[in-house]
Novice: 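Quick one: the structure is below, questions incoming.
In this chain, residues are counted from 1 in sequence order. Since we're looking at a predicted model, the values are computed, not measured. We count ligands from 1, going down the list as the structure has it; atoms in each ligand are counted the same way.
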Amino acid sequence: MIKIYDTKQRAKVDFETLEHGKVKMYVCGPTVYNYIHIGNARTFISFDVIRRYFEWRKFDVVFVQNVTDVDDKIIAKANEEGRSAHEVAAEYTKAFIDDMHAVNVKDPTIRPCATQEIPDMIKLVQELVDSGHAYEAGGDVYFDVRSFPQYGELSGRNVDEMESGHRELRTEGIADRKHDPLDFAVWKAAKPGEPAWDSPWGKGRPGWHLECSTMAQKYLGLPFDIHGGGADLVFPHHENECAQSEAATGRVFANHWMHSGMLRINSEKMSKSLGNFLLLRDVLKTVDPNVLRFLMLQTHYRSPLDFSSDRLSEAETALGRIVTFVRNLDWGIENAAGLQDVFDPAIVKDECRKEKIAFITAMDDDFNTSKALGTIFDFIGKKNAEIGGSALSVRDVASAQEIRDLIMELMGVFGLQMDKLVAGDEPQESDAFPPEIVTLAAEVAGYEGSDGAEAVDALLAARAEARAAKDWAQADAIRDRLGALGFAVEDTPQGARISRVED
Ligand code: AMP
Ligand code: ZN
């Protein structure tokens, strides 16, 4: 049973889907007025891994993520640059999608843009007004927080305490059109020069929270299984989404709420004023996207994540170990002919099964990616010890292939592009047999082909023949010349084998 930490229930709870075998999730997308930063990327990658895990566990996932393409910040940027808000939003929507592809985040099933959904938003505002949960004031429409007694339940806030804070502000003279300082806008009257749509309350545009409420309901129906986002969205964004949707429909909005922790730079909050603000695309100029993803996987999605260059190099080294292991297996698979078995197929089968269970157990526990990675490292460590850290010892091709398939499958669940990494041109720990082996086999064993593994077979056969004929000089010569090429000959009960001599 998959357990997830539910922000609203403040507990890890059993995850039961509303519809059998189907997961309907909504994850708030970006406000498109700039390139996304690596904090945004952390949240999007976290939910990408969660989604991939559900899919791997054979759930049919419907993943909806909006694009907020009308907003104060977009309008401000457009005014600064003398462009239309639409132009600014279109540019950064495209950039966002490119950035997501660069870190291998899957496209959502549906990616609605707020400006394309205005009629449904107006409908929801109207429902709130009709049911007495919202009121019009000077062309704005506000949600009446006091009309919804459950307000504050998601974020664990007490409305009366929030109210007293606001009252102090109000007595200082900060007044607005609201009946109550806690009320928030679901529709905003247009200011001159802003994008605006006709509505029963005059020209205006939807409030941000209302956009998500509308799109989630339209594309998933209520209730849906999971609503997610970064922890900074719990209040007010998600509290407000939840309140207005539940007030308008009388139905539960999201069955579970999930929030990812904030990314920090060298243990400090990332902010423009601290000068430690990193755009994802700038980081990717020097960092492999898989290394960045791996770094993120090393921390549980709910914990704060510390980003630093030290952690990047640690992630690179750790990921490199897995890549090297797969390359060693590949080498063994390609060059196994005539070499002696090391893996016992029955044991390998059993261990692969156990590793899969350990991985699932970790991931079922609120998507504990760091623990799941730990199981992979334990598994690899054990197998490496068995093959003596050397590709040359991987003999049972089917077992080696089984191990390889499992590692590739599990890393794929994390969205790591292992095929690319394994094929990459970083230094490999072990190379194929050197060409001198073929030359040597031609000289002393009459071998006529060009395959390293066959050449080794021919050399070992020639040595065995020499020993059988008690031609010790010839047998030793073959052993010594292999030694000069960096290979030791070992006699075992199953016959002779060679292994690479460690430097
Ligand atoms: P925004 O465009 O600001 O609405 O942010 C898009 C997503 O990124 C939201 O889910 C935010 O919660 C998330 N986010 C923003 N800053 C950070 C951060 N420093 N760490 C993790 N997630 C963040
Ligand atoms: Zn939202």
Side-chain angles (χ1 to χ4, degrees), residues 7 25-50 63-74 76-77 88-89 92-93 95-97 99-100 103 105 108 110-114 117 121 124 154-155 184 186 206-220 224 226-245 253-254 257-274 276-280 283 292 295-296 299-308:
T7 311
M25 57 197 293
Y26 184 95
V27 175
C28 295
T31 305
V32 281
Y33 66 100
N34 195 356
Y35 300 115
I36 62 158
H37 56 66
I38 54 167
N40 303 136
R42 198 259 167 131
T43 289
F44 299 140
I45 289 174
S46 296
F47 283 99
D48 181 60
V49 171
I50 290 168
F63 189 103
V64 178
Q65 181 168 63
N66 66 298
V67 171
T68 299
D69 59 351
V70 57
D71 174 87
D72 288 341
K73 290 184 197 131
I74 300 173
K77 178 110 176 182
V88 169
Y92 291 110
T93 301
F96 165 63
I97 294 170
D99 285 353
M100 289 290 89
V103 283
V105 168
I110 305 158
R111 187 179 345 249
C113 288
E117 310 287 344
M121 293 174 188
L124 184 59
L154 169 60
S155 57
F184 56 88
V186 290
W208 172 39
H209 320 304
L210 188 108
E211 295 175 358
C212 282
S213 280
T214 308
M215 293 183 269
Q217 180 177 353
K218 176 167 177 184
Y219 292 105
L220 294 173
F224 54 92
I226 295 172
H227 195 315
D232 58 332
L233 296 190
V234 176
F235 190 88
H237 185 52
H238 288 165
E239 189 74 63
N240 292 356
E241 273 187 45
C242 182
Q244 65 204 2
S245 289
F253 181 50
W257 290 87
M258 294 178 73
H259 293 95
S260 57
M262 293 289 105
L263 177 142
R264 307 183 298 207
I265 309 262
N266 297 319
S267 307
E268 280 183 338
K269 187 173 185 281
M270 184 167 63
S271 79
K272 280 206 167 113
S273 56
L274 287 171
N276 61 1
F277 193 82
L278 289 177
L279 295 180
L280 174 61
V283 171
L292 179 65
L295 179 154
M296 295 190 175
T299 301
H300 186 261
Y301 79 91
R302 269 192 301 120
S303 305
L305 183 140
D306 280 312
F307 182 86
S308 66

Novice: May I ask you to test the E211-E117 pair for a side-chain heavy-atom distance under 4.5 Å?
Specialist: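 When only atoms from C-beta onward are counted, E117 and E211 do not touch, as no gap falls below 4.5 Å.
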Novice: Should the pair F253 and W257 be assigned to parallel (<30°), tilted (30 to 60°) or perpendicular (>60°) ring geometry?
Specialist: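 Aromatic pair F253/W257 classed tilted.
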Novice: Drop me the distance from R42's CZ to R264's CZ, to the nearest 0.5 angstrom.
Specialist: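 R42 atom CZ to R264 atom CZ measures 10.0 Å (nearest 0.5 Å).
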Novice: Near ligand 1, which residues have a heavy atom under 4.0 Å away from one of its atoms?
Specialist: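 Correct list: P30, T31, H37, G39, N40, T43, F44, G229, G230, D232, L233, G261, M262, L263.
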Novice: Tell me if a side-chain donor or acceptor on N266 pairs with a main-chain N or O of S308 at a distance below 3.5 Å.
Specialist: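 The answer is no, because no donor-acceptor pair under 3.5 Å joins these two groups.
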Novice: Looking at Q244 and H209, would you say the former's side chain and the latter's main chain have a donor-acceptor pair under 3.5 Å?
Specialist: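 Answer holds: yes.
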Novice: With a cut-off of 2.8 Å, how many protein N, O or S atoms neighbour the Zn ion (ligand 2)?
Specialist: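 N, O or S atoms of the protein closer than 2.8 Å: 4.
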Novice: Name the orientation class of the two ring planes belonging to H238 and H259 (parallel below 30°, tilted from 30 to 60°, perpendicular beyond 60°).
Specialist: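 Judged by the thresholds at 30° and 60°, the geometry between H238 and H259 is tilted.
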Novice: Between Y26 and F63, is the ring centre distance below 6.0 Å?
Specialist: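 Ring-ring flag for Y26/F63: false, centres at least 6.0 Å apart.
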Novice: Can you find a side-chain donor-acceptor pair between E239 and S155 that sits under 3.5 Å?
Specialist: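 Yes, side-chain donor-acceptor contact under 3.5 Å.
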Novice: So F307 and M270, side chain to side chain contact (heavy atoms under 4.5 Å, CB included) or not? Walk me through it.
Specialist: CA-CA 10 Å; F307 182 86; M270 184 167 63; over 6 Å; no
